[in-house]
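Each remark here refers to the structure printed beneath this line.
Side chains included, hydrogens not; waters and symmetry mates left out as well; all remaining heavy atoms used.
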Amino acid sequence: MGYRIPVDADGWNEAWKARQARRDAPHGADFWDERAKSFTTKDAPGCYTDQFLQMAAVRPGETVFDMGCGTGNLAVPLGAAGHEVCAADFSPVMLDRLREELRHQGITCVRPVQLSWEDDWAAHGIEAQSFDVCVASRSIATADLGDALAKLTAVARRRACITLACGISPRIDDGMLRAIGIEAPPAYDFIYALAILHARGFLPELRYISTERRDTFATFDEAYRKYATMVEAVMRDESPERARVLERLRAWLDRELTGQDGALTLRQPRQVPWAFISWDRSAQSA
């Protein structure tokens with residue numbers, strides 16, 4: 001029997017769940033607590049945030065619910081612009097970093113809340129239609145995509161906006177893989193979100209955010225270890241071919257790494273595209 005394309009929202013969500021079951025389990029709060037201690041964005045300064053906020057089109061005076069806020073990539077500039085923001089994340093250390101930045105900038109209209117996708121949002125004061133705009137920026141790491149989208153839609157009075165990866169993974173350099181002869185399919189995570197929303201009667205809009213990341217390394221070995229981890233995430237078996245691929249990786253790094261400001265970096269920044277999906281509660285198909 002051939003593969004059947006899902007015909008409704010539940011079918012697309014079950015397909016998402018099956019896909020997630022084949023992946024490594026999402027990182028928990030402990031992982032992100034540790035990351036938060038040295039958390040910085042490697043995107044070009046302002047690039048991702050500026051594009052996201054421009055596309056989100058939050059109107060003056062509107063309130064915002066920021067799910068998976070991290071250290072405040074969106075919450076801080078929204079608060080600085082005068083919007084009342086509820087900034088939610090399941091990592092207490094991320095929220096501590098956010099509070100520090102809010103104090104530093106004197107922003108008082110952002111309220112941090114410890115919350116996960118799986119929690120009872122109403123029990124934390126996140127009620128139906130309680131915010132004008134809901135956003136989830138690079139933060140949907142859940143086995144139940146349909147439930148996550150339903151929660152955002154329920155809380156939004158006017159509009160919801162999310163970003164999902166549209167490459168293999170934001171942690172993997174697609175260009176490097178192609179250069180050393182590895183063909184790995186993109187994740188297409190955003191397709192599932194579009195299909196679920198459309199099946200529920202919404203008319204989601206798709207745009208793209210293009211970002212560049214310039215990773216830096218103290219030594220060649222550090223760069224090799226990072227990129228070897230990317231290769232191993234795609235080639236999980238211990239085949240002789242993987243050993244040959246890792247040798248090609250060494251040769252590629254020899255060609256592509258260059259010195260800059262006392263560190264090593266790639267000659268060309270790593271390209272990381274994101275799918276930006278937005279939908280208005282009032283814009284639904286017949």
Side-chain angles (χ1 to χ4, degrees), residues 16 20 23-43 45-49 52-53 56 63-80 83-105 107-127 130-131 133-145 147-152 154-156 160-165 169-172 187 189 193 209 211 213 215 226 229 233 272 274 276:
W16 167 272
Q20 293 299 98
R23 293 173 166 172
D24 294 335
H27 295 300
D30 290 345
F31 171 86
W32 292 108
D33 284 346
E34 190 63 30
R35 281 286 308 275
K37 296 174 183 177
S38 58
F39 196 79
T40 58
T41 178
K42 292 184 173 60
D43 299 334
C47 177
Y48 175 91
T49 300
F52 188 104
L53 292 176
T63 59
V64 181
F65 175 61
D66 181 5
M67 182 58 196
C69 64
T71 57
N73 197 37
L74 297 179
V76 170
L78 284 167
H83 296 281
E84 291 189 10
V85 181
C86 177
D89 202 283
F90 71 168
S91 164
V93 181
M94 286 284 187
L95 294 176
D96 286 344
R97 289 283 307 277
L98 169 60
R99 292 185 184 96
E100 290 173 9
E101 186 61 25
L102 294 173
R103 284 194 294 269
H104 176 71
Q105 295 198 29
I107 298 170
T108 59
C109 53
V110 176
R111 176 171 65 95
V113 174
Q114 188 172 349
L115 185 72
S116 76
W117 285 103
E118 292 74 27
D119 285 340
D120 180 348
W121 289 9
H124 289 77
I126 314 301
E127 303 282 354
S130 54
F131 294 89
V133 179
C134 290
V135 298
S137 167
R138 304 186 283 198
S139 64
I140 298 183
T142 174
D144 196 333
L145 178 61
D147 184 63
L149 296 175
K151 283 182 169 180
L152 288 175
V155 171
C161 310
I162 64 173
T163 45
L164 287 164
S169 163
R171 294 183 293 275
I172 294 177
D189 284 358
I209 295 177
T211 65
R213 294 188 183 181
D215 299 314
K226 180 180 179 71
T229 299
V272 183
W274 294 90
F276 178 95

Query raised in the report: What's the shortest heavy-atom distance between Cys86 and Phe131, and which atoms?
Result: CB-CZ, 3.4 Å
Query raised in the report: Would you say Asp89's side chain and Leu95's backbone share a donor-acceptor pair under 3.5 angstrom?
Result: no
**Report entry** Interatomic distance, Leu145 atom CG to Leu164 atom CG [nearest 0.5 angstrom]
**Finding:** 7.0 Å
Report task. Taking all heavy atoms of Val85 and all of Gly79, pick out the closest pair and write down the distance. Result -> CG2-N, 4.2 Å
Query - Contacts of Trp117 that satisfy ring pair (Phe, Tyr, Trp, His ring centres under 6.0 Å) - sequence neighbours left out - result: Trp121
Query raised in the report: Quick one: does Val110's side chain get under 4.5 Å of Leu78's, heavy atoms only?
Result: no
**Report entry** Reported SG-to-CE distance for the pair Cys134 and Met67, which is rounded to 0.5 angstrom
**Finding:** 10.5 Å
Report summary line: Rounding to 0.5 Å, atoms CZ (Arg97) and CD (Glu100) come to a distance of 6.5 Å
Report summary line: What one should report as the nearest heavy-atom pair of Trp16 and Ala143 is CD1-O, 3.2 Å
Report task. Working to the nearest 0.5 Å, report the span between OG of Ser116 and NE2 of His124. Result -> 8.0 Å
Query raised in the report: Ala80 and Ile107: which non-hydrogen atoms are nearest, and at how many Å?
Result: N-CD1, 3.8 Å
**Report entry** Partners passing salt bridge (charged side-chain N to carboxylate O under 4.0 Å, His left out) against Arg99 (at least two apart in sequence or in another chain)
**Finding:** Asp96
Requested in this report: Please report the closest heavy-atom contact between Pro77 and Thr49, naming both atoms and the distance.
Outcome: CG-CG2, 4.0 Å
Report task. Could you check Phe52 against Val135 for side-chain contact (heavy atoms from CB on, under 4.5 Å), going step by step and ending with a plain yes or no? Result -> CA-CA 10 Å; Phe52 188 104; Val135 298; 3.8 Å; yes
Report task. Please round to the nearest 0.5 Å and tell me the distance separating atom CD of Gln20 and atom CG of Asp189. Result -> 6.0 Å
Report task. Could you check if a side-chain atom of Ser137 sits within less than 4.5 angstrom of a side-chain atom of Trp274, using non-hydrogen atoms only? Result -> no
Query - Test: Arg138 cationic atom under 6.0 Å from Tyr48 six-membered ring centre, within 45° of axis - result: yes
Query raised in the report: Where do Ile209 and Thr163 come nearest, in terms of heavy atoms and distance?
Result: CD1-CG2, 4.1 Å
**Report entry** Thr63 side chain vs Glu84 backbone, donor-acceptor pair below 3.5 Å
**Finding:** no
Query raised in the report: Say you draw a straight line from CG of Asp147 to CD of Glu118; how long is it, rounded to the nearest 0.5 Å?
Result: 8.0 Å
